[in-house]
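All figures in this text were calculated on a predicted structure; none of them were measured in a lab.
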Amino acid sequence: MLAHPTLDKLNSMGLAGMAKAFGELVTNGEAEHLSHAEWLGLLLEREWSSRYDRKLAARLRFAKLRHQATPEDVDYRSERGLDRALFMKLLGGDWINAHDNLAICGPSGVGKSWLACALGHKACRDDRSVLYQRVPRLFAQLALARGDGRYARLQRTLGHVQVLILDDWGLEPLNEQARHDLLEILEDRYGRRSTIITSQLPVSAWHGVIGDPTYADAILDRLIHNAHRIDLSGDSLRRNLPRKA
């Protein structure tokens with residue numbers, strides 16, 4: 001007799017996880033042997049899990065990660081120079097708390113984007129905001145946003161997200177507007193947020209990609225000064241592991 005009114009009240013209060021758990025407990029004969037404290041503990045655990053799952057799903061939708069990569073799926077056996085101890089430390093997230101950056105460099109196909117997305121997925125799990133952007137497409141979006149009035153809002157999003165992933169950096173030299181946009185993004189983020197950047201080029205070649213020496217010095221100072229480094233090598237993994245880095 002108590003089940004339906006209680007379920008209605010739980011649902012009306014937005015406690016969907018607790019309501020579902022309550023319904024399952026009522027129909028479970030073994031639940032009769034649980035104490036009141038155990039009942040309450042189970043209901044609260046289910047409600048917490050339900051809310052966490054919904055929040056994580058929302059963070060992942062916002063992040064738009066290129067790969068459905070998780071830390072558990074990272075391949076440490078492939079010969080590409082990935083330091084497992086370093087990567088596990090990065091998964092811990094202390095570098096994000098410190099507002100440091102991360103540069104992942106290496107030839108095409110060694111899993112740079114996958115590793116960046118795995119770190120992004122872990123950050124979402126840790127209740128951090130994450131956003132993935134391919135650099136060539138990002139500059140095109142900023143150019144469009146400048147024309148339709150969304151530029152300031154997009155810049156705020158890029159500046160405020162806790163972990164920004166800039167993938168495929170250095171595929172082509174930057175023009176004047178791209179240099180300006182990138183410096184503005186990094187200026188907003190420096191010392192306040194963390195940026196992951198992936199590139200086929202070594203860091204030593206980034207100055208030339210930026211072009212203008214003054215801009216290059218300013219951009220690299222904000223990007224590399226406090227950056228951790230992962231330098232990968234080896235053959236492409238796509239031939240043998242098409243769905244996994």
Side-chain angles (χ1 to χ4, degrees), residues 63-67 69 74 80-83 86-87 89-91 93-124 128-142 154-155 157-175 177-212 215-233 245:
K64 297 181 176 65
L65 298 175
R66 179 179 181 179
H67 301 288
V74 173
R80 53 174 169 172
L82 178 60
D83 185 329
L86 171 60
F87 196 76
K89 184 177 181 180
L90 292 170
L91 287 171
D94 287 343
W95 65 284
I96 301 176
N97 294 333
H99 310 308
D100 292 342
N101 298 325
L102 171 64
I104 306 177
C105 301
S108 177
V110 293
K112 300 181 299 296
S113 300
W114 183 281
L115 294 175
C117 288
L119 288 165
H121 192 283
K122 180 57 166 57
C124 287
R128 306 181 197 271
S129 58
V130 178
L131 182 62
Y132 170 93
Q133 293 282 334
R134 285 193 67 245
V135 171
R137 194 170 298 167
L138 171 62
F139 290 139
Q141 290 175 0
L142 286 167
L154 180 54
Q155 280 281 18
T157 298
L158 295 168
H160 292 167
V161 69
Q162 289 173 287
V163 179
L164 176 64
I165 300 174
L166 297 177
D167 196 14
D168 286 338
W169 156 256
L171 293 182
E172 57 188 17
L174 302 187
N175 59 30
Q177 191 60 66
R179 286 192 290 266
H180 172 78
D181 289 341
L182 182 59
L183 180 58
E184 289 300 307
I185 294 169
L186 296 177
E187 173 62 27
D188 287 344
R189 300 184 60 77
Y190 181 71
R192 304 178 184 91
R193 299 288 188 266
S194 294
T195 302
I196 301 175
I197 190 164
T198 77
S199 178
Q200 295 184 36
L201 300 177
V203 172
S204 59
W206 292 7
H207 201 281
V209 171
I210 298 170
D212 183 281
Y215 268 98
D217 288 343
I219 288 170
L220 294 181
D221 180 62
R222 290 159 176 79
L223 188 59
I224 300 301
H225 170 70
N226 61 343
H228 301 265
R229 301 271 293 273
I230 295 179
D231 293 310
L232 303 176
S233 60

Residue pair S233 / P107: nearest heavy atoms and the distance that separates them:
CA-CD, 4.1 Å

Apply side-chain contact (heavy atoms from CB on, under 4.5 Å) to L82 and V74, showing your working.
CA-CA 10 Å; L82 178 60; V74 173; 3.9 Å; yes

Qualifying residue for side chain to side chain contact (heavy atoms under 4.5 Å, CB included) with V130, from L164, L119, I96, V163:
V163

In terms of relative ring orientation, are Y215 and H180 parallel, tilted or perpendicular, with 30° and 60° separating the classes?
perpendicular

Minimum heavy-atom separation for H121 to L65, with atom names?
N-CD1, 3.8 Å

Is a donor on one side and an acceptor on the other found under 3.5 Å between the side chain of Q162 and the backbone of S129?
yes

R66 vs I165 side-chain heavy atoms within contact, under 4.5 Å
no

Less than 4.5 Å apart, any side-chain heavy atom of W206 and any of I224?
yes

Just to verify, which of I185, L131, D181 counts as forming a side chain to side chain contact (heavy atoms under 4.5 Å, CB included) with L138?
I185

What is the minimum heavy-atom distance between Q155 and D188, and which atoms define it?
O-OD2, 4.5 Å

Working to the nearest 0.5 angstrom, can you tell me the gap between L223 CG and Y190 OH?
10.5 Å

Taking side chain as C-beta onward, heavy atoms only, is V161 less than 4.5 Å from R193?
no

So do the side chains of L142 and Q133 get within less than 4.5 Å of each other, counting heavy atoms only?
no

Only residue of D83, V110, T198 satisfying side chain to side chain contact (heavy atoms under 4.5 Å, CB included) with L232 is V110

Tightest non-hydrogen contact, residues L171 and R134, listed as CD1-NH2, 3.8 Å

Minimum side-chain heavy-atom gap F139-N175 below 4.5 Å
no

With side chain to side chain contact (heavy atoms under 4.5 Å, CB included) as the test, pick out the partner of W169 among L182, I104, L201.
L182

Heavy-atom distance under 4.5 Å between the side chains of D231 and P202, does that happen here?
no

Is there a donor-acceptor pair under 3.5 Å between the side chain of R222 and the backbone N or O of L183?
no

From NE2 (H207) to CG (L220), nearest 0.5 Å
6.0 Å

Got a donor-acceptor contact below 3.5 angstrom from the K112 side chain to the I197 backbone?
no

For G191 and H99, which heavy atoms make the closest approach, and how far apart are they?
O-CD2, 3.4 Å

Answer yes or no: is there a donor N or O on one side and an acceptor on the other, between the side chain of R189 and the main chain of S194, under 3.5 Å?
yes

H67 and C117: which non-hydrogen atoms are nearest, and at how many Å?
N-SG, 3.6 Å

Find the distance between CZ (R179) and CD1 (I210) and round it off to the nearest 0.5 Å.
9.0 Å

Calculate, to the nearest 0.5 Å, the distance between atoms CG and CG belonging to L115 and L90 respectively.
10.0 Å

With side chains defined as the heavy atoms from C-beta onward, is the minimum distance between Q141 and R137 less than 4.5 Å?
yes

